[in-house]
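Worksheet: the structure to be examined is printed underneath.
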Amino acid sequence: MPGPAEPVTTPSTPSPFVPGSAAGRDLLRGLNVAQQEAVTTTEGPVIVVAGPGSGKTRVLTNRIAFLVQEGRVTADGILAVTFTNKAAREMRGRIVHLLGEDAVRGLTMGTFHALGVRILRENPGLVADRLGLLPNFLIYDGADQIDTVKRAITAIGQDPKQVVPRRMLSRISAAKSLLLSPSEFAAAGETYDDEVVARVYVKYQSLLQAANAVDFDDLLGLPIRLFDEAPGTLARYLQRYRYILVDEYQDTNRVQYVLISALASHWRNLFVVGDPDQSIYGWRQADIRNILDFQAEFPGAKRIDLEVNYRSTRRIVDVADRVIRENTQRLDRSLRTDNAEGEPVTLRELADGGHEAQFVVGEIRRLLRDPKLTGNDVAVMYRTTAQSRLLEQEFRREGLPYRVVGGVRFYERKEVKDILAIFRLLHNPADTISVERAIDALPIGRGLGPKALDAVREWAAARGTTLTAGFIDLARPVAVDSARPALAGTGKGAAERFGAVLGQLMDLSGSVSLPELFDAIVEQTGYRSSLNLDSEEEMQRWANLIELRSDLERYESVSPENALGQYLENTALVADVDSLPDEDGGLVTLITLHSAKGLEYPVVFIVGVEDGLLPISRAVEMEWDNPLALEEERRLFYVGITRARTLLYLTHAATRQVYGRYQPGVPSRFLAAIPASDLNALSRATRHGSRDRDRLSDRVRGTSNVTPFPTPARADPVAPRVTYAAGQHVFHAKFGEGQITGVDDRRDDQEIVVDFKRHGSKRLMASFSPLEILPPGT
DNA sequence: AAGAGATTTATTTTT
DNA sequence: TAAATCTCTT
């Protein structure tokens with residue numbers, strides 16, 4: 001069994017890009033000609049089209065180091081934009097390693113959104129004055145946005161059940177990505193639907209404004225507005241950032257383009273790296289034209305292609321290339337590698353999702369017997385977050401340690417959001433959403449129903465205070481004025497209790513440390529005592545909150561009045577991948593294909609390679625009017641394939657449960673492009689896929705040349721797990737078609753009885769039999 | 001206002 | 001299937 005791929009050293013060709021300093025020359029060591037050119041072409045716009053595994057991160061880091069080393073600029077004159085915070089952290093680390101801590105000081109490196117907040121935070125006066133945002137503004141995450149949209153829909157007199165909030169939000173987000181204000185959007189609307197969206201958008205924006213909050217899109221759009229309203233601001237940034245670098249440029253959208261080209265407009269030293277074939281965020285308005293039209297937008301721009309893959313085996317590169325070649329929307333470019341051929345890609349069909357999970361876990365078990373390999377080296381990737389459930393179950397059942405990346409972020413877990421709601425309203429009392437959340441979710445809100453809430457809301461509005469302040473004042477022994485809200489009975493007591501707690505916590509915040517504030521919150525809201533510690537689920541919740549608390553301890557060095565704001569900012573902008581440590585106790589990574597972008601693993605499993613899942617059914621349905629949707633799905637598959645260094649497994653299931661119903665699973669159409677010679681297949685896909693001669697001949701050779709695993713099964717007691725079930729139709733290399741009539745589970749294997757059409761009933765050991773599962777009804 | 005019980009709805013992907 | 005939402009009762 002091959003271990004992780006050996007690091008590949010590039011042949012060092014004499015370079016035409018010889019820098020002045022010896023140190024600068026060091027930064028070019030081990031780079032190929034194209035990479036060197038990318039590092040040393042410091043002036044003017046440059047676009048680097050970088051295939052997967054072509055060393056673009058190295059190019060980016062070495063280029064930044066090179067700029068500083070050659071004395072073109074000090075680090076504070078450089079702006080580098082990455083796709084995730086994790087990527088930013090890692091690149092910074094590598095540059096520190098190259099140049100030392102001092103030389104890197106002042107370097108601006110982070111995501112677009114982090115850059116946006118930074119600009120807004122650096123100009124509190126103008127932001128308040130021109131944009132109407134107070135310095136304690138909050139960043140709303142996805143769930144907050146949905147809540148806000150729902151309220152907006154209700155507010156304009158529509159029913160959130162008919163006007164789907166999700167869809168409204170994505171329309172609004174799309175509008176913002178095109179820099180359309182609510183009024184501009186309204187003016188451009190054509191259909192009745194557009195009109196509804198426009199009205200929701202208007203309301204949504206005013207709710208955000210009232211809550212002194214911004215959403216993710218605003219973080220990009222507002223800096224641009226700030227530049228428009230106060231041109232001096234832009235001038236300061238123009239002066240500061242002489243060199244700008246952008247990673248993952250294929251996934252930028254219109255606003256990001258506008259923002260970055262504004263910032264680059266003076267020096268024009270804009271260096272972007274991307275790969276149109278890895279553009280997978282079209283649904284987030286990423287515009288592939290940004291990369292395709294770069295040279296037209298920035299005349300004189302130089303294009304450099306990185307086409308040599310140093311990451312994967314030749315077979316993996318070949319499979320990836322065959323798959324992506326089916327797309328029409330792409331730059332003409334190839335991907336090649338000098339790496340070893342490697343093992344064939346394993347393609348496996350399993351009976352259903354459960355068996356798929358068993359196969360994956362069993363196979364990982366087997367691979368991990370190689371001491372050179374640890375769980376860290378293995379990733380299981382899937383299209384939808386829901387697919388992780390079955391896998392997790394199986395990992396747990398088998399006691400194999402894992403971690404899940406993508407899907408619900410830590411800070412979006414219910415219990416975390418519930419407690420954070422208090423933190424948030426303490427920091428920004430205008431955040432009505434958080435007040436309501438706290439009332440709904442925490443014990444302190446018991447007895448405080450919609451009626452009482454409305455009464456306090458009206459009272460606060462009449463007095464011109466926030467809802468939060470309303471509650472707090474309500475609980476004060478001496479009424480601020482004689483008019484009291486129309487409260488009675490249960491509601492009255494509950495509202496006063498709630499207000500009293502908020503008041504006490506408000507007094508604490510800003511004077512005590514965050515962990516202390518946390519303790520006070522879980523105590524006084526009654527959350528702590530409401531936990532049933534016998535329930536495993538609630539224990540897990542509490543464990544998450546303890547994690548949150550230890551998070552807070554990191555802010556103890558920050559002054560109490562700033563700590564809360566800083567903390568909340570960090571919770572808003574971290575992605576799940578950001579907290580992914582490189583080495584962590586041998587945990588296998590379960591990750592969505594989207595989150596896997598930019599990562600690499602020696603061993604990769606891609607599960608659910610089925611029509612309806614990959615490509616996702618939505619894209620398949622859209623096919624007739626938007627074939628491009630399918631191309632994005634194919635790119636997603638391509639991204640997954642190219643994450644693998646040494647071993648790649650693709651699996652799909654014959655049947656899969658969707659909404660609790662079994663549905664037949666059809667092998668992904670994308671598989672048809674993969675030549676059989678690169679495959680080690682036990683799957684229908686190779687038969688139905690294509691009429692290609694190569695693949696047909698493979699079919700004629702039958703399944704006898706096919707082994708279920710790269711290593712012999714007989715020496716392996718773990719290999720085949722329960723895979724077959726009575727009633728399934730199977731195909732045997734020697735005996736032909738038949739139906740399973742009986743299954744006996746053995747320790748690590750199955751003994752099955754098959755009634756063959758032509759050879760009658762046979763008793764077989766599953767692991768030794770070249771069997772293929774046929775679709776039901778064959 | 002809260003909880004039990006019925007029902008209905010949903011799966012892309014994320015900063 | 002499981003989570004979210006609705007309805008009805010107390």
Side-chain angles (χ1 to χ4, degrees), chain A residues 81-88 110-117 139-143 145-146 150 160-161 164 166-167 169-170 173 176-177 214-220 248 251-253 255-256 279-286 353-354 381-390 393 405-409 411-412 414 439-440 443 445-453 488-495 570-578 591-597 608 612-622 629 632-633 635-637 639-640 656-663:
Chain A
V81 182
T82 58
F83 198 71
T84 63
N85 297 300
K86 177 173 182 255
T111 63
F112 268 104
H113 293 88
L115 172 65
V117 197
I139 301 164
Y140 272 12
D141 68 18
Q145 286 180 282
I146 288 288
K150 270 189 199 154
K161 280 194 77 175
V164 188
R166 273 231 82 77
R167 205 179 61 82
L169 184 58
S170 92
S173 175
K176 288 190 177 187
S177 298
V214 300
D215 65 15
F216 287 125
D217 299 302
D218 291 336
L219 292 179
L220 308 171
E248 306 283 8
D251 284 321
T252 53
N253 62 25
V255 209
Q256 291 167 332
S279 164
I280 54 175
Y281 284 95
W283 51 274
R284 215 168 72 188
Q285 321 310 318
M381 305 181 180
Y382 36 81
R383 177 63 233 266
T384 67
T385 50
Q387 286 170 264
S388 74
R389 228 194 71 239
L390 282 175
Q393 257 170 32
V405 181
V408 187
R409 298 183 321 140
Y411 295 111
E412 287 186 11
K414 187 180 180 310
I439 292 170
D440 277 351
R446 288 276 161 76
L448 218 175
K451 267 224 163 109
L453 179 58
T490 330
K492 186 161 189 281
N570 287 338
T571 64
L573 292 178
V574 296
D576 219 29
V577 264
D578 291 336
I591 191 168
T592 58
L593 286 163
H594 280 89
S595 301
K597 190 178 74 161
L613 228 38
L614 186 64
I616 197 95
S617 50
R618 289 265 256 272
V620 176
E621 285 155 21
M622 285 169 76
E632 179 153 316
E633 293 293 307
R635 289 194 292 267
L636 196 50
F637 188 35
V639 166
R656 188 174 294 275
Q657 260 183 318
V658 181
Y659 300 149
R661 292 189 172 276
Y662 277 98
Q663 291 193 352

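A note on names: the letters A, B, ... follow the listed sequences, proteins ahead of strands, and every chain is numbered from 1. FYI, side chains are in, hydrogens and waters are out, and symmetry mates aren't considered; it's all heavy atoms of this structure.
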Check: A:T252 and A:Y281 side chains under 4.5 Å, non-hydrogen atoms: no
Watson-Crick or G-U stems involving DNA chain B, each at least 3 pairs long, distances under 3.5 Å, ordered by first number: B:1-10 with C:1-10
Sugar-phosphate, base or nothing in reach of A:A575, heavy atoms under 4.0 Å: sugar-phosphate
Nearest-angstrom distance from the residue atom CG of A:L613 to P of B:dT11: 14 Å
Phosphate-side-chain proximity, A:T385 and B:dT13, N/O vs OP1/OP2 below 4.0 Å: yes
Sugar-phosphate only, base, or nothing, as touched by A:R166 at under 4.0 Å among non-hydrogen atoms: base
A:E632/A:R635 ion pair, N-O < 4.0 Å: yes
Protein-nucleotide distance (A:L593, atom CG; B:dT14, atom C1'), rounded to Å: 14 Å
Start and end of the DNA chain C segment that chain A contacts, any atom under 4.0 Å from a heavy atom: C:dT1 to C:dC6
Ring-on-base stacking B:dT15 with A:F112 (under 5.5 Å, under 30°): no
Min side-chain heavy-atom separation A:L613-A:Q387 under 4.5 Å: yes
Touch class at under 4.0 angstrom, heavy-atom based, for A:S595 against every strand present: sugar-phosphate
Residue met sooner reading DNA chain B from 5', once A:E633 and A:G142 are mapped to nucleotides: A:E633
Spacing of A:L169 atom CG relative to B:dT15 atom P, expressed in whole Å: 15 Å
Gap between atoms CZ and P, on A:R167 and B:dT11 respectively (whole Å): 14 Å
Sugar-phosphate or base contact per nucleotide [nucleotides 1-9 of chain B; S, B, -; heavy atom under 4.0 Å]: SS------S
Pairwise side-chain contact, A:E633 with A:L614, heavy-atom cut-off 4.5 Å (strictly under): yes
Distance, rounded to the nearest Å, where A:W283 contributes CH2 and B:dT13 contributes C1': 4 Å
Where A:D578 and A:K86 come nearest, the two heavy atoms and their spacing: OD1-N, 2.9 Å
Touch class at under 4.0 angstrom, heavy-atom based, for A:K150 against every strand present: sugar-phosphate
Distance, rounded to the nearest Å, where A:E621 contributes CD and B:dT11 contributes P: 14 Å
Sugar-phosphate only, base, or nothing, as touched by A:S617 at under 4.0 Å among non-hydrogen atoms: nothing
pair A:W283-A:H594: side-chain heavy atoms closer than 4.5 Å: yes
Which residue lies more 5' along DNA chain B, comparing A:V658 with A:T111 via nearest heavy atoms: A:V658
A:Y281 side chain, from C-beta outward: closest of B:dT14, B:dT11, B:dT15: B:dT14
